[in-house]
Amino acid sequence: LEERWLVCADLETVAVAIETMVVRGAPAIGCTAAFGLAIHARNAQFQYWKDFRINFYAGYDRLQRTRPTAVNLFYALKKMSAEAELFDDALSKDECVRRLETVAVALFDDDINTCRQIGQHGLSLWSESRKLRVLTHCNTGSLATAGYGTALGIIRSLHQAGALEAVYVDETRPYMQGTRLTSYELKADGIPFELICDSSAAYLMSQGKVDWVVVGADRIAANGDTANKIGTYSLAVNCQYHNVAFYVAAPLATFDPSTASGKDIPVEMRTPDEITKLFGQQVAPSGIACLNPSFDVTPASLITGIVTELGVLRPPFTDSIAAALNVQRAEGGFCP
Ligand code: MRU
């Protein structure tokens, strides 16, 4: 309803912005946390690195407690601390800040490039025999990444190529990222779409109106099990029943090879207020019990392909994911 820019000039403001979802979406959370640590160093009074080190790690801890599921947060913080570990005790403040900012900017730039590559690889999935009807969930665009987007990046590329017949946007209960953010981005880009209730998706599939579902990810386990916004799993189940392709789009920074399968992914539980209230207005009887998991885990067996910056990974995902991460490491690219 309103575009407002929040200036985050200290670590605590950055942390609260992530906790309260001013900044949300896995890649955007990671980039923002990295800049949070750089700002933390810039604001601190110290002459040499040795006098700031403990404070740096206190900031690191504060940021890593903001949200538990999106692995990009931990990955970006680790990139920052890996740089800090190279600092000599006597490194000057100016040099510390310069080097931390360089890593944060590199993470940010890399994320935009990565999203554009994901968009191109997603386009390669289109056979050109006929236009596509695509359904997406949550917000995975410029408001969830450094820019362009993952699943929404693919939708942008498909639109540019004239490949889209229809886009359906799930409203994404309860926080309404589809209603509020994806609708905003698609409208701004002039990409035609229809906003639907989450519960309409299966019906549209049963009517033969959906060719693909494409979603983002918050954490992808070593076996391909994928945590993403609550409601993603039921979309994938519906896709299998209706023989609709189900694609995940994510940078390699969203993969977590140290998590063997989806059952090891921590799922954030959020406040009941997101369910009992609509835009601050109480709509449920007060005092009732609620359960509000913010994410669910889609088993790898329901996923047709995972679109990354290196191309489309196919089942068996344990092998294709390990191979992609090895390539990325060998090329010195950003990767867990
Ligand atoms: O709770 P949110 O809004 O941070 O959840 C976001 C999602 O689940 C996105 O689909 C995911 O982070 C991918 S964003 C490119």
With Arg270 via salt bridge (Lys or Arg N to Asp or Glu O under 4.0 Å) - residues at least two apart
Glu268, Glu274
Quick one: side chain to side chain contact (heavy atoms under 4.5 Å, CB included) partners of Ala322, sequence neighbours excluded?
none
For Lys131, what residues pass the side chain to side chain contact (heavy atoms under 4.5 Å, CB included) criterion, not counting sequence neighbours?
Glu165
May I ask you to check whether Trp212 and Phe246 place their ring centers less than 6.0 Å from one another?
no
Less than 6.0 angstrom separating the ring centers of His40 and Tyr60, yes or no?
no
Taking [atom1] in [X] as the centre, count heavy atoms belonging to other residues, nucleotides or ligands within less than 6.0 Å. Is the count above 12?
{"X": "Gln207", "atom1": "CD", "result": "yes"}
{"X": "Asp61", "atom1": "CG", "result": "yes"}
{"X": "Ile54", "atom1": "CD1", "result": "no"}
{"X": "Lys209", "atom1": "NZ", "result": "no"}
{"X": "Tyr203", "atom1": "OH", "result": "no"}
{"X": "Phe46", "atom1": "CZ", "result": "yes"}

Would you mind listing every ring pair (Phe, Tyr, Trp, His ring centres under 6.0 Å) that reaches into residues 97-151, with sequence neighbours excluded?
none
Under 3.5 Å: donor-acceptor pair, side chain of [X], backbone of [Y]:
{"X": "Arg133", "Y": "Gly208", "answer": "yes"}
{"X": "Glu185", "Y": "Leu143", "answer": "yes"}
{"X": "Thr172", "Y": "Asp170", "answer": "yes"}
{"X": "Lys93", "Y": "Ala44", "answer": "yes"}
{"X": "Asp296", "Y": "Tyr233", "answer": "yes"}
{"X": "Arg116", "Y": "Gly147", "answer": "no"}
{"X": "Arg314", "Y": "Gly305", "answer": "no"}
{"X": "Thr308", "Y": "Leu310", "answer": "yes"}
{"X": "Ser157", "Y": "Gly153", "answer": "yes"}
{"X": "Asn43", "Y": "Ala9", "answer": "yes"}

Please step through side chain to side chain contact (heavy atoms under 4.5 Å, CB included) for the pair Val215 and Thr140, ending with a clear verdict.
CA-CA 7 Å; Val215 297; Thr140 58; 5.9 Å; no
Assess whether side chain to side chain contact (heavy atoms under 4.5 Å, CB included) is satisfied between Thr114 and Thr150, documenting all intermediate values.
CA-CA 8 Å; Thr114 295; Thr150 55; over 6 Å; no
May I ask you to check whether [X] and [Y] show a side-chain donor-acceptor distance below 3.5 Å?
{"X": "Asn326", "Y": "Arg329", "result": "yes"}
{"X": "Ser258", "Y": "Asp256", "result": "yes"}
{"X": "Asn139", "Y": "Arg24", "result": "yes"}
{"X": "Thr254", "Y": "Asn72", "result": "yes"}

Can you run down the salt bridge (Lys or Arg N to Asp or Glu O under 4.0 Å) pairs that involve residues 43-54, sequence neighbours left out, and say none if there aren't any?
Arg53-Asp89
Do Leu123 and Leu158 pass the side chain to side chain contact (heavy atoms under 4.5 Å, CB included) test, and can you show the C-alpha distance, the side-chain angles, and the key distance before you say yes or no?
CA-CA 6 Å; Leu123 184 57; Leu158 290 169; 3.8 Å; yes
Rounded at 0.5 Å granularity, tell me how far CG in Asp94 sits from CZ in Arg42.
11.0 Å
Drop me the distance from Thr179's OG1 to Arg173's CZ, to the nearest 0.5 angstrom.
9.5 Å
Test: Arg65 and Glu19 ion pair at under 4.0 Å:
no
Any salt bridge linking Glu101 with Arg98? Criterion: basic side-chain nitrogen under 4.0 Å from a carboxylate oxygen.
no
Inter- and intrachain pairs under side chain to side chain donor-acceptor pair (under 3.5 Å), touching residues 1-10, at least two apart:
Glu2-Arg4, Glu3-Trp5, Glu3-Tyr184, Asp10-Thr13
Are Leu164 and Phe193 connected in the hydrophobic side-chain network, where two residues link if heavy atoms are under 4.5 Å apart?
yes
Measure from NZ or CZ of Lys229 to the centre of the six-membered ring of Phe295 and say whether it is under 6.0 Å with the direction within 45° of the ring axis.
yes
Should Leu100 and Leu37 count as side-chain neighbours, where that means a heavy-atom distance under 4.5 Å?
no
